[in-house]
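Every chain is numbered from 1, with letters handed out A, B, ... down the list of sequences.
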There are 2 protein chains.
Amino acid sequence: MRRMTARPGNAHQARLLKLLRDGGPNSRAQLGDQVDLSRSKLAVEVDRLLETGLVVADGLAASRGGRRSHNIRLNPGLRFLGVDIGATSVDVAVTNAELETLGHINHPMDVREGPVAVFEQVLAMAAKLKASGLAEGFDGAGIGVPGPVRFPEGIPVAPPIMPGWDGFPVREALSQELGCPVMVDNDVNLMAMGEQHAGVARTVADFLCVKIGTGIGCGIVVGGEVYRGTTGSAGDIGHIQAVPDGRPCACGNRGCLEAHFSGAALARDATEAAQQGLSAELASRLETGGGLTAVDVAAAAAAGDATALDLIREGGNRTGQVIAGLVSFFNPGLVVIGGGVTGLGHTLLAAIRTQVYRQSLPLATGNLPIVLGELGPAAGVTGAARLISDHLFSPA
Amino acid sequence: MRRMTARPGNAHQARLLKLLRDGGPNSRAQLGDQVDLSRSKLAVEVDRLLETGLVVADGLAASRGGRRSHNIRLNPGLRFLGVDIGATSVDVAVTNAELETLGHINHPMDVREGPVAVFEQVLAMAAKLKASGLAEGFDGAGIGVPGPVRFPEGIPVAPPIMPGWDGFPVREALSQELGCPVMVDNDVNLMAMGEQHAGVARTVADFLCVKIGTGIGCGIVVGGEVYRGTTGSAGDIGHIQAVPDGRPCACGNRGCLEAHFSGAALARDATEAAQQGLSAELASRLETGGGLTAVDVAAAAAAGDATALDLIREGGNRTGQVIAGLVSFFNPGLVVIGGGVTGLGHTLLAAIRTQVYRQSLPLATGNLPIVLGELGPAAGVTGAARLISDHLFSPA
DNA sequence: CTACTTTTTCCACTCACAGGACAAAGACGA
DNA sequence: TCGTCTTTGTCCTGTGAGTGGAAAAAGTAG
């Protein structure tokens with residue numbers, strides 16, 4: 001299939017494309033119910049979209065009591081590539097234009113190997129997905145990186161955990177390689193967009209999405225739109241001070257949240273506890289595996305290990321304290337917790353909830369759900385697909 | 001003069017009204033340069049505005065080399081009332097449609113006397129301004145109250161420091177009394193709007209406005225618009241924990257920022273220090289005045305009193321710590337410090353700056369001005385006038 | 001007084017859009 | 001099977017918003 005290059009010609013067309021993306025196939029009449037355009041105008045715009053090839057007619061819709069109508073749907077041949085580069089692994093997925101995941105693969109990889117090596121990996125994974133028959137090419141790609149991004153240009157700026165990426169023209173380079181439009185964003189923002197599109201945040205306009213992985217970040221959604229801040233570093237909550245004069249952090253300060261709780265901190269604490277003989281469970285895992293990760297702690301906790309549970313609770317308290325402050329400040333309608341350590345599950349969630357509900361004022365917490373993300377590792381790639389589709393489905 | 005009741009009939013007219021409000025009198029040609037409408041269309045819309053009486057023709061503009069044009073300006077007879085209800089005093093001001101303050105009076109009053117008593121006072125002050133010939137009536141009024149507000153209805157919700165106001169229909173009641181449209185908002189949000197309209201934040205889209213008065217609050221501006229949160233309590237940073245297991249706070253928790261630094265806390269600390277004989281300066285002021293306030297501390301600090309300076313520095317550190325967290329999270333383009341304690345001036349500012357620049361990451365602080373508000377007590381009333389003008393200058 | 005600018009008005013033309021009329025296609029009861 | 005009703009899709013015309021050219025009006029500069 002020839003790749004699509006068309007873009008909606010006006011706001012109406014953009015609106016229709018987004019309705020079809022979010023609501024699936026629809027008849028003209030159903031679309032008409034949603035957009036407040038006259039039937040004639042609607043017909044014109046739909047015809048134009050059909051001409052561009054972005055949408056296709058597709059069989060008959062169910063009858064609503066009278067003449068049956070033909071369905072309109074986004075071209076089922078359209079393909080988006082969603083890429084989520086984490087600190088320690090890469091996720092790549094293919095979606096159709098309705099952002100349904102058709103294929104998803106994960107590969108461990110250290111982001112510090114630098115953009116060239118990571119790109120090679122990403123392209124290999126994309127090729128693999130193509131080879132398995134899921135796509136012949138891509139109409140657009142979204143990519144998330146674990147650090148701040150100058151959003152309009154798609155260039156990482158001063159990313160602490162991926163120094164080799166500073167200033168690397170990610171958008172431009174990937175666009176060259178893939179031959180399609182590309183948008184770049186912070187991985188946390190993409191997770192927020194993913195949960196907004198297909199997860200727990202579907203109906204909420206203002207929410208926070210806290211991602212606890214190797215580091216800690218927070219996606220901020222205001223009025224349905226991701227807020228990125230003046231320099232693209234909004235949501236960088238890993239270096240908020242959680243413990244006065246606490247542990248030294250890589251950033252040079254002491255007591256940063258990330259130094260006390262994160263995938264990396266948790267692994268280190270668990271190893272220490274195991275070596276000090278505080279937990280037989282952790283010690284045996286340390287011996288078997290040669291090292292401990294957040295996954296081991298989760299498993300130990302699930303097995304009832306008191307030390308592991310304490311570590312999680314302690315971390316949840318720290319995180320909850322910081323989130324409580326953010327809740328007071330931002331007064332969100334929902335807080336989503338996600339990222340690698342969601343395996344820690346309800347122990348973590350309970351600790352966070354306790355802190356937030358205790359420390360923030362009732363007006364802010366009264367009707368505030370604090371929940372785990374629904375999409376897991378798919379949130380990032382779904383958000384990435386959503387990012388590029390938002391771009392492509394906007395007037396040029 | 002008959003009060004204006006007209007509203008702009010479409011978005012173009014609204015746009016023009018706001019240009020005239022923010023930019024003062026303009027010729028048709030100058031307006032045309034700013035709005036991207038054809039000359040004919042512009043002429044039509046201006047004519048309609050002239051018909052409504054919202055704008056008037058007003059003399060000749062300076063020549064730009066050819067035929068001189070007639071100026072168009074907002075009707076100079078329009079009057080807005082700006083009301084800023086603080087914890088311990090009430091400010092009322094009259095502005096014209098360009099939001100220039102024509103008269104401003106202040107009256108000490110405890111907000112806890114309740115809405116009826118306060119309204120009586122506000123109406124008396126408004127009457128006084130009228131009597132002095134500044135206005136014959138009001139075309140709209142904005143009012144700020146020191147607590148969270150359900151914005152669309154203009155009703156305070158669960159305000160901690162003004163319990164008697166909970167659920168009181170401020171907007172409705174004041175609108176009845178004044179016979180004009182009224183909008184109600186949190187006083188901190190109005191301060192932010194004031195500084196945005198006429199103060200230091202004129203050119204910044206995303207900024208924070210921290211008001212330190214009897215309590216502490218923070219106005220949040222995202223993309224030029226005030227962000228109020230899901231329940232209207234966004235920016236309520238007074239009860240963020242600044243000191244683990246710190247002082248007990250009226251909210252039931254310990255270590256809230258407000259318990260450690262605010263007008264009230266500062267007065268209490270100063271009194272304590274004076275009684276313990278730590279500062280002769282403060283002790284003598286305590287004896288003379290019968291009590292100490294933030295103003296006394298400011299004066300003592302200005303006189304070089306070490307204890308007063310320490311108190312201010314200590315408070316600034318606490319506040320700076322909290323602000324540092326907010327800066328990491330929100331990545332604003334500017335932080336404005338305002339409110340009653342701005343009298344503490346540069347000692348306070350320096351302490352805050354030190355903390356923020358030390359604790360937040362360079363990417364967020366790199367180009368981040370932290371400045372005192374420019375408008376002082378006028379910020380609130382200017383913001384209030386701005387609030388109602390934004391409302392009235394939008395299509396009905 | 002002339003040449004040139006800028007501002008303003010006037011007017012004809014285009015285009016988006018609404019909404020009515022009508023045809024097409026199916027549902028459903030008799 | 002037939003006729004009626006409902007829904008859907010197409011065609012067409014009227015309306016109003018808006019553009020841009022032409023010319024008049026009112027200046028400036030020399």
Side-chain angles (χ1 to χ4, degrees), chain A residues 6-20 23-74 393-396, chain B residues 6-20 23-52 54-74 394-396:
Chain A
R7 293 277 289 275
N10 59 41
H12 297 309
Q13 292 177 26
R15 179 84 200 286
L16 291 171
L17 289 173
K18 286 177 185 169
L19 279 174
L20 291 170
N26 263 274
S27 69
R28 284 168 151 84
Q30 282 173 311
L31 288 174
D33 294 343
Q34 298 172 74
V35 295
D36 193 43
L37 283 176
S38 66
R39 278 167 312 175
S40 20
K41 177 63 179 163
L42 180 68
V44 170
E45 297 299 355
V46 170
D47 285 347
R48 286 188 193 150
L49 285 175
L50 285 167
E51 270 173 43
T52 65
L54 284 170
V55 307
V56 298
D58 169 54
L60 291 168
S63 166
R64 293 203 295 185
R67 170 177 175 176
R68 296 179 63 192
S69 62
H70 291 263
N71 261 340
I72 304 294
R73 67 179 305 172
L74 288 168
F393 291 171
S394 297
Chain B
R7 294 276 288 277
N10 60 39
H12 296 310
Q13 290 177 27
R15 178 85 200 285
L16 291 171
L17 288 173
K18 286 177 186 168
L19 279 174
L20 290 171
N26 262 276
S27 70
R28 282 167 152 88
Q30 283 173 310
L31 288 173
D33 293 344
Q34 299 173 73
V35 295
D36 194 42
L37 284 176
S38 65
R39 294 178 310 264
S40 11
K41 178 62 180 164
L42 179 69
V44 170
E45 297 300 354
V46 169
D47 284 346
R48 286 189 192 149
L49 285 175
L50 286 167
E51 271 173 42
T52 66
L54 282 170
V55 308
V56 298
D58 169 53
L60 291 169
S63 168
R64 295 204 291 183
R67 171 177 174 176
R68 295 179 64 189
S69 61
H70 291 263
N71 261 341
I72 304 294
R73 66 179 306 173
L74 287 167
S394 298

Just how far, in rounded Å, is [atom2] of [N] from [atom1] of [X]?
X	N	atom1	atom2	value
A/L50	D/dG9	CG	P	12 Å
A/L37	C/dC15	CG	P	20 Å
B/D33	C/dT7	CG	C1'	11 Å
A/L42	C/dG19	CG	P	14 Å
A/N10	C/dC15	CG	P	15 Å
A/L31	D/dG9	CG	P	10 Å
B/E45	D/dA17	CD	P	9 Å

| said: Please classify the nucleic acid contact of A/A29 as base, sugar-phosphate, or nothing, using heavy-atom distances under 4.0 Å. | reply: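 Sugar-phosphate, no base atom in range.
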| said: Between A/R48 and A/E51 (salt bridge meaning N to carboxylate O under 4.0 Å), is one present in this structure? | reply: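 Salt bridge absent between A/R48 and A/E51.
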| query | Atom CG of A/D33 and atom CG of A/N26: how far apart are they, to the nearest 0.5 Å? | reply |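 One finds 9.0 Å between CG of A/D33 and CG of A/N26.
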Identify which nucleotide among [options] has an atom closest to any side-chain atom of [X], counting heavy atoms from C-beta outward.
X	options	value
A/R39	C/dA18, D/dG9, C/dT9	D/dG9
A/R68	C/dA27, D/dG9, C/dT7	C/dA27
B/S40	C/dT9, C/dG26, C/dC11	C/dC11

| At their closest point, which heavy atom of B/S394 faces which heavy atom of B/K18, and how far apart are they? |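 In terms of heavy atoms, the two residues are closest at OG-NZ, 3.6 Å.
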| message | I'd like to know whether CG of B/D47 has more than 12 heavy-atom contacts from other residues, nucleotides or ligands below 6.0 angstrom. | response |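 It does: B/D47 CG has more than 12 such atoms within range.
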| Presence of A/S38 side-chain N/O under 4.0 Å of C/dA18 phosphate oxygens OP1/OP2 |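 So the side chain of A/S38 is within the cut-off, an N or O lying under 4.0 Å from OP1 or OP2 of C/dA18.
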